[in-house]
Number of protein chains: 2
Amino acid sequence: MSPICFEFFFQITLSELKKSLFLLDKHIENMFSKACEYAIRATIFIAKESMKGKRSNLTEISKAITSPIAFTAKILQTLVKHKIIFSIKGARGGFEMLPQTINTLSLKHLVVVIDDDYSTTACIIGLNKCSSENPCPLHEQYESIRTDLSKMLEETKIIQLIEKESFKIGNHLF
Amino acid sequence: MSPICFEFFFQITLSELKKSLFLLDKHIENMFSKACEYAIRATIFIAKESMKGKRSNLTEISKAITSPIAFTAKILQTLVKHKIIFSIKGARGGFEMLPQTINTLSLKHLVVVIDDDYSTTACIIGLNKCSSENPCPLHEQYESIRTDLSKMLEETKIIQLIEKESFKIGNHLF
DNA sequence: AATAAATGGGACAAACTTGTCCGATAAAAA
DNA sequence: TTTTTATCGGACAAGTTTGTCCCATTTATT
Ligand code: FES
Ligand code: FES
């Protein structure tokens, strides 16, 4: 029985295999999309390096923040297009961030750029319109949480994040 | 030029068409998956009907909560499997909920059953492990929000939701 | 007993998110 | 000028979520 034949009889996706071997986490309720997570982590990294006068390149960045390199490239392209970071092409090229951007950019802006939108007014159980006038049964409990979250995203600037104590993501000490 | 030919030259998905006509909302940061939204809405509906001694069937339910009927069927099957509701097959069949379940079931339980898991310990920017010992730069701002949300989901029971004032979802007045 | 009305469950399809590949382009270094 | 090292950008592939279809099964009604 050839390997090809073997493969034919046990056709299974990689994720199914991982799941059955318990190597894969079950679904987890995440606040952000993967793209957003990578964008935030990358932005923090680039900002820190920029403050030190260093330019970061794609390989460095994706290693430091442990993200898939080609997917990260796409995300950085989006950030460049929206002038959150700027890029230099060619040898010794890479990505940098202006001090002014570091000082003023909010988390919320980052999320809006990557996810195209961020709603602070959507009903938690998907009502057409969320309002205090016609609240769903969860509105009361949910409203203050949503407000806190929204405020946090708007008020937190990148500069605050890079001023924190050092911490590790993957192999890299920030 | 036949319709077939027309279709060939302008091959476009329905969602692309809707997007370009602004009929489709952009991505919105939702708290729950669609499946969870439908599950919560359906559970509220079934609970209310059960309290009145009425049995609800699939058609009624999905009309009332404005959800796709076949997808809703799948979700209800899951709820039955986990004994959140129970079903009666055949003519005059449908779904019902026991008073005891209505009184004790929490939102969190519902979410766990539908999404397979619900994490209250995941790092907001995807660090391997979230902890106060090795916090990411967002940990401090995020922790209290996450705790509030988690507490809300655990403490809110279905009975509280159906005791609320009436409200509308789609065409149905709850 | 036959029919109608309901849930159960499997296969499939569409849409979206996540991720890969490869060639074009640009700039520095040799 | 050539080579090397980067980003840019489009096509494509994999994986997950959302949604559809169809038929089997079960029960009440006629
Ligand atoms: S109406 Fe549902 S959260 Fe406001
Ligand atoms: S470590 Fe990131 S949220 Fe706790």
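Excluded from the calculations below are hydrogen atoms, water molecules and symmetry mates; all remaining heavy atoms, backbone and side chain alike, are included. Convention: sequence-line order gives letters A, B, ...; per-chain numbering from 1.
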**Q.** side-chain contact (heavy atoms from CB on, under 4.5 Å) assessment of T147(A) paired with T120(A)
**A.** CA-CA 8 Å; T147(A) 306; T120(A) 59; over 6 Å; no

Specify the separation, in whole Å, of atom [atom1] of [X] and atom [atom2] of [N].
X       : N       : atom1 : atom2 : result
D116(B) : dT18(D) : CG    : P     : 13 Å
I114(A) : dC16(C) : CD1   : C1'   : 16 Å
D117(A) : dC16(C) : CG    : P     : 15 Å
F86(A)  : dC8(D)  : CZ    : C1'   : 17 Å
E37(A)  : dT17(C) : CD    : C1'   : 13 Å
R92(B)  : dT3(C)  : CZ    : P     : 20 Å
D115(B) : dT16(D) : CG    : P     : 14 Å
I88(A)  : dA28(C) : CD1   : P     : 10 Å

Q: Salt-bridge test for K151(B) and E154(B): reply yes if a basic N is under 4.0 Å from a carboxylate O, no otherwise.
A: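 No.
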
Q) Can E37(B) and K34(B) be counted as an ion pair, charged N to O under 4.0 angstrom? A)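 K34(B) and E37(B): salt-bridged.
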
Q: Report yes or no: is there a donor-acceptor pair, N or O only, under 3.5 Å between the side chain of K74(B) and the base of dG10(C)?
A: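 Result: at least one qualifying N/O pair found.
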
Residue [X], side-chain atoms from C-beta onward, closest of [options]:
X      : options                   : answer
F71(B) : dA11(D), dT18(C), dG19(D) : dG19(D)
V80(A) : dC8(D), dC21(C), dA11(C)  : dC8(D)
K34(B) : dT18(D), dA6(D), dT20(C)  : dT18(D)
N57(A) : dT18(C), dA6(D), dG9(D)   : dA6(D)
S33(A) : dT18(C), dC21(C), dT20(D) : dT18(C)
Q77(B) : dG9(D), dA26(C), dG9(C)   : dG9(C)
A35(B) : dT18(D), dA11(D), dC21(D) : dT18(D)
A91(B) : dA5(C), dT20(D), dT18(C)  : dA5(C)

Q: Show your reasoning for whether side-chain contact (heavy atoms from CB on, under 4.5 Å) applies to C123(B) and K129(B).
A: CA-CA 7 Å; C123(B) 170; K129(B) 234 183 104 184; over 6 Å; no

Q.
Taking I162(A) as the starting point, is it possible to reach F86(A) by hopping between hydrophobic residues whose side chains are less than 4.5 Å apart?
A.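 No.
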
(Q) Any base atoms under 4.0 Å from L76(A), or only sugar-phosphate, or nothing? Heavy atoms, all strands. (A)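 No contact.
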
Q: Determine the contact category for Y38(A): base if any of its heavy atoms lies under 4.0 Å from a base atom, sugar-phosphate if only primed atoms, P, OP1 or OP2 are that close, otherwise nothing.
A: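 Sugar-phosphate, no base atom in range.
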
(Q) Between F32(A) and K89(A), which residue's closest nucleotide on DNA chain C lies nearer the 5′ terminus? (A)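 Whichever sits nearer the 5' end wins; that is F32(A).
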
**Q.** Donor-acceptor contact below 3.5 Å, side chain D115(B) vs main chain D117(B)
**A.**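 Absent.
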
Q. Has S87(B) got a side-chain N or O lying under 4.0 Å from the OP1 or OP2 atom of dA6(C)?
A.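 Checking dA6(C) against S87(B), no side-chain N or O comes under 4.0 Å of OP1 or OP2.
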
